[in-house]
S.K.: 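For reference, the structure I am asking about is given below.
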Amino acid sequence: MAYSTLMIEEGVARLTLNRPDVHNAFDDSLIAELNAHLDQLHTLAEAGDVRVLVLGSEGKSFSAGADLNWMKRMVDYDLEDNLADSRKLAALMHGLDTLPCPTVCRVQGAAFGGAVGLAACCDVVVASEKAKFCLSEVKIGLSPAVISPYVQRALGERQMRRYALTAEVMDADTALKLGLAHQVVEHEALDTAVDTMLATLLAGSPQAQRATKGLMAAVAQAPDCDDTREHTCQVIAKLRVSQEGQEGLSSFFEKRRPVWADSNNTPHASERRS
């Protein structure tokens, strides 16, 4: 039985964790499935066939982190086995973080352990007021090691030190204040808020969004050097002379919608579930 589902409709991909009976906990099978889905999505996003990804889950919790049965098996793993497992999780975080198209994380409930990493790897996090986040690893003698680059980028080093060392639970408002979440809404309004964010993202140029994600990653690595400055010049110059860049400028001056916006007929959540 699949632990996750991938649905693609009108350029919107929805990758959904589907283990509600165990609060969508991670194990090696789920990680392998997600990595396979992300490999496919990278190809589709580069080709422009996928415009936006929504990462979500079924049930009460977003994800409880590591699966208990998986953790029991890990007790007997040697160092090489543990390294192999950790590298697969690292590939998952990197694959999500570097997906060329915009990504939206829909968090309806608890997000613990590695699930905080999933949220931090997404471009936009829309959370229910019932959402909770926790870097819980130190309570069981472990560390949020693999997810730490992404979560620290979201929280900042100072706040990361606190929450990684204390394993305190962040409520939705705290996550919003600290920058882990971008928007917190009433629980019943979560799907509407995600749909609104989708419409906002789909109004942008697909090519420009892909270029901008790559640009931000490059700038974060070396924000003030000759190579970075030249790279920024190359990005904007190439976009200006591109087909989408020309269309975007023309539509702006002609006071009309660009072609990529007019071609968007993505159904809302209510329409999909009726």
Side-chain angles (χ1 to χ4, degrees), residues 6-16 37-38 40-56 95-108 118-128 154 176 179-186 188-220 232 234-274:
L6 176 62
M7 296 180 62
I8 301 172
E9 187 176 8
E10 299 290 341
V12 175
R14 296 179 185 271
L15 182 54
T16 305
H37 289 319
L38 286 170
Q40 179 183 357
L41 287 168
H42 268 260
T43 300
L44 294 171
E46 285 285 3
D49 295 325
V50 166
R51 294 280 317 277
V52 184
L53 167 68
V54 179
L55 176 65
L96 180 59
D97 186 61
T98 59
L99 198 67
C101 65
T103 53
V104 179
C105 189
R106 175 192 180 275
V107 184
Q108 80 278 24
L118 290 179
C121 287
C122 287
D123 301 316
V124 181
V125 175
V126 181
S128 158
L176 179 66
L180 182 58
H182 295 90
Q183 184 180 7
V184 174
V185 299
E186 293 182 0
E188 295 74 16
L190 183 58
D191 285 326
T192 299
V194 169
D195 283 335
T196 300
M197 181 56 64
L198 278 176
T200 300
L201 289 167
L202 289 167
S205 157
Q207 176 184 259
Q209 288 171 335
R210 291 193 299 271
T212 299
K213 284 199 70 168
L215 175 68
M216 289 186 292
V219 170
T232 63
Q234 291 282 340
V235 169
I236 188 59
K238 290 176 181 178
L239 285 173
R240 283 174 180 165
V241 299
S242 70
Q243 183 176 349
E244 280 192 21
Q246 291 290 304
E247 164 62 14
L249 291 169
S250 296
S251 64
F252 175 77
F253 289 120
E254 295 168 9
K255 297 182 180 180
R256 60 174 175 81
R257 287 163 59 86
V259 292
W260 57 79
D262 280 335
S263 63
N264 171 38
N265 295 305
T266 305
H268 291 287
S270 59
E271 295 171 335
R272 289 190 305 275
R273 295 171 184 175
S274 59

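Note that this is a predicted model, so its numbers are computed, not measured.
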S.K.: Please lay out, stage by stage, how His182 and Val125 fare under the test side chain to side chain contact (heavy atoms under 4.5 Å, CB included).
M.R.: CA-CA 5 Å; His182 295 90; Val125 175; 4.0 Å; yes

S.K.: Keeping the roles fixed (side chain from Trp260, backbone from Leu202), state whether a donor-acceptor pair exists under 3.5 Å.
M.R.: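 No, because the side chain of Trp260 does not come within donor-acceptor range (under 3.5 Å) of the backbone of Leu202.
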
S.K.: To the nearest 0.5 Å, what is the distance between CD (Glu254) and CG (Leu249)?
M.R.: 10.5 Å

S.K.: Walk me through it: do Cys101 and Arg51 pass the test side chain to side chain contact (heavy atoms under 4.5 Å, CB included)?
M.R.: CA-CA 6 Å; Cys101 65; Arg51 294 280 317 277; 5.9 Å; no

S.K.: Ignoring hydrogens, what is the shortest heavy-atom contact between Leu239 and Ala208? Give both atom names and the distance.
M.R.: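 Between these two residues, the closest heavy atoms are CD2-CA, 4.1 Å.
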
S.K.: Nearest 0.5 Å, what's the CZ-CG distance between Arg14 and Leu55?
M.R.: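 With rounding to 0.5 Å, CZ (Arg14) is 11.5 Å from CG (Leu55).
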
S.K.: Who passes side chain to side chain donor-acceptor pair (under 3.5 Å) against Gln209, sequence neighbours left out?
M.R.: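 Result, side chain to side chain donor-acceptor pair (under 3.5 Å) vs Gln209: none returned.
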
S.K.: Is the side chain of Glu247 donor-acceptor paired with the backbone N or O of Val259 at a distance under 3.5 Å, no angle test?
M.R.: yes

S.K.: Just wondering, are more than 12 heavy atoms of other shown residues or ligands nearer than 6.0 Å to CD in Gln243?
M.R.: no

S.K.: Side chains of Leu41 and Leu6: closer than 4.5 Å at any heavy-atom pair?
M.R.: yes

S.K.: With Arg240, which residues qualify under salt bridge (charged side-chain N to carboxylate O under 4.0 Å, His left out), at least two apart?
M.R.: none

S.K.: How far does CZ of Arg106 sit from SG of Cys122, to the nearest 0.5 angstrom?
M.R.: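 So the gap between those two atoms works out to 13.0 Å.
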
S.K.: How many angstroms lie between atom CG of Leu38 and atom SG of Cys121, to the nearest 0.5 angstrom?
M.R.: 10.0 Å

S.K.: Report, as yes or no, whether the 6.0 Å neighbourhood of atom CE on Met7 holds more than 12 heavy atoms from other residues, nucleotides or ligands.
M.R.: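 No.
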
S.K.: Going by heavy atoms in the side chains, are Leu99 and His42 under 4.5 Å from each other?
M.R.: yes

S.K.: With rounding to the nearest 0.5 Å, note down the distance linking CG in Leu53 to CG in Leu198.
M.R.: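 Interatomic distance, Leu53 CG to Leu198 CG, rounded to 0.5 Å: 9.5 Å.
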
S.K.: When rounded to the nearest 0.5 angstrom, what distance separates CG in Leu96 from NE2 in His37?
M.R.: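 Rounded to the nearest 0.5 Å, the CG-NE2 separation comes out at 13.0 Å.
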
S.K.: Taking the basic N atoms (NZ, or NE/NH1/NH2) and the acidic carboxylate oxygens, is any pair closer than 4.0 Å for Arg210 and Asp123?
M.R.: no

S.K.: Are Lys213 and Thr103 side-chain neighbours, meaning at least one heavy-atom pair lies under 4.5 Å?
M.R.: yes

